[in-house]
Chemist: 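Below you'll find the structure I mean.
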Amino acid sequence: MTLLFPKWTNRLPQIVGGLVLAGGALVTFVIGYWFSPRNTDVGYAPEQPIAYSHKLHAGLLGMDCRYCHQNVERSPHASIPDANTCMNCHGQVRKDSTKLELLRQTVASGDSIPWVKVHMLPQYAYFNHEAHVRAGVGCVSCHGRIDKMEVVRQMEPLSMGWCLDCHRKPERYLRPTSEVTNMAYVHDQAVADKIKQEKNIQPPTHCSGCHR
């Protein structure tokens, strides 16, 4: 009797099933790796309306982060500088520079400088700057060496797994609060362990800690 299909076709369901599983695994890997925040978000450096150099201000001039980000120690939000804060210096320093034309216009109109946010978290994630700064987590831990950046860029993925790595072992990132804005601070494990014990730092690792 002549067979309608050759014998090897009996294995087609197995072959198709294997290809589907392999394809699913490949798609999962591609999405999980290349679509992760470490690949999609790290390196994000949007152009700002005013070419503000952190390398110059925070690095060469040694300005403290808190001069511009005034609420970082007392609010969930670090805040960004308004035009008047900038003019405290630039009313005297390079006050006629063409690069500061937008700043002068903003001061005259009373509007806000349209800074472009660099470090963004999903709306369903809660982050409190005050809590971290008061615990002794340095700015550099999340933002990198800002004092060496002409244009600020995102250095860390800010993903849930990345946050949990810190919450599970906070002693790897703690420092005296007096050194929070010191970009060149050298980590001292003994000091960090002491801070964790004295402040009884036990960051939450349960869902409601960050999702409220």
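All figures in this text were calculated on a predicted structure; none of them were measured in a lab. Values below: all heavy atoms of this structure, side chains included; hydrogens, waters and symmetry mates excluded. We're numbering straight along the sequence, starting at 1.
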Chemist: Is there a donor-acceptor pair under 3.5 Å between the side chain of H167 and the backbone N or O of P204?
Modeler: yes
Chemist: For Q92 and H90, what are the C-alpha separation, side-chain angles and deciding distance, and is it a side chain to side chain donor-acceptor pair (under 3.5 Å)?
Modeler: CA-CA 5 Å; Q92 304 295 326; H90 286 292; over 6 Å; no
Chemist: Would you please indicate if the ring centroids of Y126 and H211 are separated by under 6.0 Å?
Modeler: no
Chemist: Between E73 and R66, is there a salt bridge with N-O shorter than 4.0 Å?
Modeler: yes
Chemist: Any luck finding a side-chain donor-acceptor pair between N88 and T85 under 3.5 Å?
Modeler: no
Chemist: Does any non-hydrogen side-chain atom of K55 lie less than 4.5 Å from one of L60?
Modeler: no
Chemist: Can you tell me if R172 uses its side chain to pair, donor with acceptor, with the backbone of H187 under 3.5 Å?
Modeler: no
Chemist: According to a hydrophobic-cluster definition based on side-chain heavy atoms being under 4.5 Å apart (Ile, Leu, Val, Met, Phe, Trp, Tyr only), do M87 and I50 belong together?
Modeler: yes
Chemist: Can you confirm whether or not the ring centre of Y52 sits under 6.0 Å from the ring centre of H54?
Modeler: yes
Chemist: Assess the side chains of E130 and H132: does a donor N or O sit below 3.5 Å from an acceptor N or O?
Modeler: no
Chemist: Answer yes if the side chains of D193 and Q197 hold a donor-acceptor pair under 3.5 Å, and no otherwise.
Modeler: no
Chemist: Just wondering, more than 12 heavy atoms not from K148 lying within 6.0 Å of its NZ?
Modeler: no
Chemist: Run through the side-chain heavy atoms of Ile, Leu, Val, Met, Phe, Trp and Tyr, join any pair under 4.5 Å, and report what else lands in M183's cluster.
Modeler: Y44, V116, V118, M120, V140, I146, M149, V152, M155
Chemist: Could you verify whether a donor N or O on one side chain and an acceptor N or O on the other, from W162 and E156, lie under 3.5 Å apart?
Modeler: yes
Chemist: Below 4.5 Å, heavy atoms only, C-beta onward: do T106 and S112 meet side chain to side chain?
Modeler: no
Chemist: Taking the basic N atoms (NZ, or NE/NH1/NH2) and the acidic carboxylate oxygens, is any pair closer than 4.0 Å for E171 and K196?
Modeler: yes
Chemist: Step through the shown structure and confirm whether more than 12 heavy atoms of other residues, nucleotides or ligands are within 6.0 Å of CD on E47.
Modeler: no
Chemist: Do V133 and V137 share a hydrophobic cluster, counting only Ile, Leu, Val, Met, Phe, Trp and Tyr and linking them when any side-chain heavy atoms are less than 4.5 Å apart?
Modeler: no
Chemist: Using the test salt bridge (Lys or Arg N to Asp or Glu O under 4.0 Å), find all partners of D147 that sit at least two apart in sequence or belong to another chain.
Modeler: R145
Chemist: Under 3.5 Å, side chain of H57 to main-chain N/O of S53, donor-acceptor pair present?
Modeler: yes
Chemist: Are any of the side-chain heavy atoms of C210 and F127 separated by less than 4.5 Å?
Modeler: no
Chemist: Under the salt bridge (Lys or Arg N to Asp or Glu O under 4.0 Å) test, which residues partner R175, sequence neighbours left out?
Modeler: none
Chemist: Ignoring hydrogens and angles, tell me if any N or O in the side chain of H206 forms a donor-acceptor pair with the backbone of G209 under 3.5 Å.
Modeler: yes
Chemist: Would you check if the side chain of N71 reaches a backbone N or O of R74 as a donor-acceptor pair within less than 3.5 Å?
Modeler: no
Chemist: Is V42 linked to L164 within one hydrophobic cluster, defined over Ile, Leu, Val, Met, Phe, Trp and Tyr using a side-chain heavy-atom separation of less than 4.5 Å?
Modeler: no
Chemist: Side-chain contact, heavy-atom cut-off 4.5 Å: I80 with C68?
Modeler: no
Chemist: Under a 3.5 Å cutoff, is there a donor and acceptor pairing between the side chains of S79 and H77?
Modeler: no
